[in-house]
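Everything below concerns the one structure shown next.
A quick note: this is a predicted structure, and the numbers were derived from the prediction, not measured. Chain naming here is simple, since letters A, B, ... match the order of the sequence lines and numbering starts at 1 in each.
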2 protein chains.
Amino acid sequence: MTRVGMVRADARENRERILEAARDAFAADGSASTNQIAQRAGVGPGTLYRHFPTREALVLAVYQHEVARIVDLVPQLLRDHAPVEALRLWTTELVAAMRAKHGLGHALDPAAQAAVTEQTYGPVIGAITTLLDAGKSDGSIRADADAADFLQLTGALWRAASGPEDRSPRLLALVLDGLRPPPAR
Amino acid sequence: MTRVGMVRADARENRERILEAARDAFAADGSASTNQIAQRAGVGPGTLYRHFPTREALVLAVYQHEVARIVDLVPQLLRDHAPVEALRLWTTELVAAMRAKHGLGHALDPAAQAAVTEQTYGPVIGAITTLLDAGKSDGSIRADADAADFLQLTGALWRAASGPEDRSPRLLALVLDGLRPPPAR
DNA sequence: ACCTGAACACCGTTCAAGT
DNA sequence: ACCTGAACACCGTTCAAGT
């Protein structure tokens, strides 16, 4: 009873091992070759190309995997911390990941970069919205705080993180202060 | 009487032709190969590498050439236009050039990108300072306008220019309005 | 001094042959 | 259905041989 969507176990395992090898290889060197990654994953180059039809597709998959991981952090953070602190920790994680993966971006032409943004924008906005809503509920974040605005500012953060000294924690603190409700009068 | 710094005429010509071929090739396709460029310039690959020891060095030279060209535009613009209009035209040119060369940036690792910035920052700040000073002299630009601030805002401009519709002219108009002196009271 | 172009090691990608 | 790995066209870069 073979069904559509049925995948052989070895194929699924190979896919996972290639993705993992790619993540490690890219972390060490953004310009790691597909053949190197295939070898590191213990598969032939043909197998890599069966799962990811171009180098770009592989890079994109690594990005999406990373974004999904960070988005999934939200519930745990909200369980363990107050909303503003959860938002601070989550944003720190996001900036660190963007910084680590930044070298990868250079391997992508503008079209591919647009694809990444499009694929990841929704989930990231969703995560920020959840975090902001938690703060709005308990009054620690002002009611008109906007997720898209916050993400825009986050873009400035990772540029600040790329300098000689990492000024991003200070900037992040500043932004978070700006989200606090105005003092009652 | 051979002197240090003496260069054979054919060498100088080759250098210029390679640079020109590289500029054209990169404009069409940021990932044009060095061998293609050498062929386009009518020289052997070895000649290209004699003048530019790595691909990166060639890309850097193209950038610097372009920035120098734009910086050199300033006197002409100030002769033909009022300071604020000169600044507007000059910035438009800079943003257009940055946009055209943006694909090139992707071919550079972060270290090389830092090198570009370092090499070009001084002259660009100089050009902006000249333009702002002209406006301060005739009272069309406020006295505390700062060249570094203006350049920072320009960075945001070429990001705005990369979107589906080019919002940069509107943003530039806004920034220029901000440079006007405060109304007398 | 400088130029040429064959050559090198390696790249992303393909595909015939296997299981 | 999926995997292997030799092979292809091309990349950035080098270097012996020419002028």
[X] [atom1] to [N] [atom2], straight-line distance once rounded to whole Å:
X       : N      : atom1 : atom2 : value
B:Asp10 : D:dG18 : CG    : P     : 19 Å
A:Leu48 : D:dC2  : CG    : C1'   : 14 Å
B:Gln39 : C:dA6  : CD    : P     : 12 Å

Review point. Would you say the side chains of B:Thr54 and B:Tyr49 form a donor-acceptor pair under 3.5 Å?
Key: no
Exercise for review: With sequence neighbours excluded, tell me which residues meet side-chain hydrogen bond (donor to acceptor under 3.5 Å, both in side chains) with A:Gln39.
Suggested key: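 Once residues adjacent in sequence are excluded, A:Gln39 has no partner under the side-chain hydrogen bond (donor to acceptor under 3.5 Å, both in side chains) criterion.
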**Study point:** Residues A:Arg69, A:Glu66: salt bridge by 4.0 Å N-O rule
**Key:**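 A salt bridge is present here (some side-chain N lies under 4.0 Å from a carboxylate O).
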Point to revise | Check ion pair B:Glu85-B:Arg88 (N to O, under 4.0 angstrom) | key: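 Salt bridge present between B:Glu85 and B:Arg88.
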Check your understanding: Near DNA chain C, which residues from residues 11-25 of chain B have a heavy atom under 4.0 Å away?
Key ->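 B:Ala11, B:Asn14, in order of number.
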Review point. When you measure from the side chain of A:Arg50, which nucleotide among C:dC3, D:dC2, C:dA1 comes out closest?
Key: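 So the side chain of A:Arg50 is nearest to D:dC2.
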Supply the atom-to-atom distance [X] [atom1] to [Y] [atom2], rounded to the nearest 0.5 angstrom.
X        : Y        : atom1 : atom2 : answer
A:Ile141 : A:Arg180 : CD1   : CZ    : 10.5 Å
B:Leu176 : B:Phe150 : CG    : CZ    : 5.5 Å
B:Ile18  : B:Phe52  : CD1   : CZ    : 6.0 Å

Check your understanding: By side chain to side chain contact (heavy atoms under 4.5 Å, CB included), which residues pair with B:Pro45, not counting sequence neighbours?
Key -> B:Asn35
Exercise for review: Kindly write out the residues that satisfy side chain to side chain contact (heavy atoms under 4.5 Å, CB included) with B:Ala86, not counting sequence neighbours, or none if the list is empty.
Suggested key: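 Here the qualifying residues are B:Leu77, B:Leu78, B:His81, B:Leu131.
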Review point. Under 4.0 Å: is that the gap between some side-chain N or O of B:His51 and OP1 or OP2 of C:dC2?
Key: no
Practice item. Give the B/S/- string for nucleotides 8-15 of chain D, one per nucleotide from 5' to 3', where a protein heavy atom under 4.0 Å of the base yields B, of only the sugar-phosphate yields S, and otherwise -. Key: ---SBBBB
Review point. If pairs are Watson-Crick or G-U with both distances under 3.5 Å, what is the dot-bracket string of DNA chain D, marking crossing pairs with [ ] and pairs to another strand with |?
Key: ||.|||||...|||||.||
Exercise for review: Flag yes if more than 12 heavy atoms outside B:Gln64 fall under 6.0 Å of its CD atom; otherwise flag no.
Suggested key: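 Enclosed: over 12 neighbouring heavy atoms sit under 6.0 Å from CD of B:Gln64.
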Exercise for review: Mind running side chain to side chain contact (heavy atoms under 4.5 Å, CB included) on A:Arg17 and A:Asn14 for me, showing each step along the way?
Suggested key: CA-CA 5 Å; A:Arg17 282 168 54 188; A:Asn14 275 336; 4.3 Å; yes
